Amino acid sequence: MAAAASVSIFVLVGFLFALMCGFISMLAGFGSRWKWWHFRTGFAILRWSAYAGVLAAVIAGIGLIASLQEKLYDGVILAVFGMLVGLVTSGNTWNWKQSIVASPPIHDITTDTQNPPQFVSILPLRKGAENPAEYGGPAIAAQQLKAYPDIKPFMMNLPTEAAFDKALQVVRSKKWNLIAVNRHEGRIEAVDTTFWFGFKDDIIIRITQDGERSRIDLRSVSRMGRTDVGKNAHRIRDFFKRLREY
């Protein structure tokens with residue numbers, strides 16, 4: 001009976017501890033989104049929940065071994081589940097950290113590094129933002145070219161008015177917060193909020209005539225964080241992918 005009780009304790013502690021770690025890991029981002037704490041606090045919570053997830057997996061693993069020895073198969077199921085939750089919690093954080101390390105330390109991505117589209121209507125919304133709205137110049141452009149050589153202007157065989165309409169359709173389909181629509185200037189400004197941490201990234205789309213075609217330039221800039229973990233480049237790629245489908 002004593003052995004069975006000790007097995008139950010290891011399994012139960014590992015299982016519940018793993019669930020708690022997973023919950024806290026998710027809360028790290030949502031708490032930042034809901035303004036409960038600064039996003040860097042959320043990163044710290046995420047890091048420590050990953051460490052705790054490993055510990056939970058170890059405790060559940062001890063419970064698994066003991067349950068197998070005692071042939072307590074209900075304990076085996078709980079222990080395996082606890083190990084999986086603990087390892088997934090720590091693994092997701094580790095993968096995210098690796099993505100940060102692998103990404104260039106830039107947060108301003110544009111299809112035109114020589115003459116990037118300039119924010120107008122969004123500027124008041126960026127008041128207090130950690131990152132400036134001004135483009136960083138040749139140094140940033142060089143890092144972008146090395147990391148994301150495919151980020152280039154999008155050419156459409158349409159007059160600018162028709163191209164503008166299609167670009168606006170894509171913006172609305174992506175449910176970005178539309179800030180400005182200026183047909184005369186060929187300018188669309190919007191804000192995209194990331195799901196987990198609630199980071200706000202500002203977007204400007206510029207449509208200009210290029211011979212008989214229309215040229216579409218897009219710039220996506222994060223308000224916070226030294227690196228965007230490739231989010232802005234992904235957003236530009238996805239926008240142009242959808243534009244091809246319209």
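Predicted model only: the values in this text are computed from it and were never measured.
Leu46 and Phe17 fall within a single hydrophobic cluster, where Ile, Leu, Val, Met, Phe, Trp and Tyr side chains are chained together by heavy-atom contacts under 4.5 Å. If you chain together hydrophobic residues whose side chains sit under 4.5 Å apart, Tyr246 and Val181 fall into the same group. Linking Ile, Leu, Val, Met, Phe, Trp and Tyr whenever their side-chain heavy atoms come within less than 4.5 Å puts Ile216 and Leu158 in one cluster. A continuous path of ILVMFWY side-chain contacts below 4.5 Å connects Leu68 to Met83, so both sit in one hydrophobic cluster. In the hydrophobic cluster analysis, where Ile, Leu, Val, Met, Phe, Trp and Tyr join through side-chain heavy atoms closer than 4.5 angstrom, Leu27 is grouped apart from Val88.
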### Criterion side chain to side chain contact (heavy atoms under 4.5 Å, CB included) on Ile77 and Phe81, from CA distance to verdict
CA-CA 6 Å; Ile77 295 172; Phe81 190 78; 5.6 Å; no
### Task
Go through Ser67 and Val11 one step at a time and tell me if the side chain to side chain contact (heavy atoms under 4.5 Å, CB included) criterion holds.
CA-CA 8 Å; Ser67 294; Val11 171; 3.4 Å; yes
### Task
Verify side chain to side chain contact (heavy atoms under 4.5 Å, CB included) between Arg206 and Asn115, making sure each step is shown before the conclusion.
CA-CA 11 Å; Arg206 182 179 65 197; Asn115 180 30; 3.7 Å; yes
### Task
Verify side chain to side chain contact (heavy atoms under 4.5 Å, CB included) between Arg219 and Tyr135, making sure each step is shown before the conclusion.
CA-CA 10 Å; Arg219 182 182 174 198; Tyr135 189 65; 3.9 Å; yes
Review item, side-chain donor-acceptor pairs of residues 159-171, under 3.5 Å, at least two apart:
residue, atom, partner, partner atom, Å
Glu161, OE2, Arg183, NH1, 2.8
Asp165, OD1, Arg183, NH1, 2.8
Asp165, OD1, Arg183, NH2, 2.6

Report all side-chain donor-acceptor pairs from residues 139-146 shorter than 3.5 Å, counting only partners two or more places apart or in another chain.
residue, atom, partner, partner atom, Å
Gln144, OE1, Thr110, N, 3.1
Gln144, NE2, Thr110, O, 2.6

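With Thr89 contributing its side chain and Val85 its backbone, the two residues share a donor-acceptor pair below 3.5 Å. Side-chain atoms of Asp202 never come within 3.5 Å of backbone atoms of Arg223 as a donor-acceptor pair (strictly under, hydrogens ignored). Judged by distance alone, the side chain of Asn182 and the main-chain N or O of Arg187 form no donor-acceptor pair under 3.5 Å.
Contact check for Phe30 versus Phe195: side-chain heavy atoms found under the 4.5 Å cut-off.
For Arg237, the salt bridge (Lys or Arg N to Asp or Glu O under 4.0 Å) partners two or more places apart in sequence, or in a different chain, are Asp150. Judged as a side-chain hydrogen bond (donor to acceptor under 3.5 Å, both in side chains), and not counting sequence neighbours, the contacts of Arg235 are Asp192, Asp201, Ser220, Asn232.
Residue Arg215 is tested with Asp112, Thr111, Thr208 for a side-chain hydrogen bond (donor to acceptor under 3.5 Å, both in side chains); the sole match is Asp112. Checking each of Trp36, Trp96, Trp37 against Phe197 for a ring pair (Phe, Tyr, Trp, His ring centres under 6.0 Å) leaves exactly one that passes, namely Trp96. Of the residues listed (Arg40, Arg226, Lys200), the one engaging Glu130 in a salt bridge (Lys or Arg N to Asp or Glu O under 4.0 Å) is Arg40, and it is the only one.
In this structure, Phe39 and Phe43 have perpendicular ring planes: the angle between them is above 60°, well past the 30° mark.
Heavy-atom neighbours of Gln98 CD from other residues, nucleotides or ligands within 6.0 Å: above the threshold of 12.
Clustering of Ile, Leu, Val, Met, Phe, Trp and Tyr by side-chain heavy atoms under 4.5 Å joins Leu125 with Phe119, Ile122, Leu123, Ile179, Val191, Ile204, Val221. Through side-chain heavy atoms spaced under 4.5 Å, either directly or across other Ile, Leu, Val, Met, Phe, Trp or Tyr residues, Leu87 is tied to no other residue.
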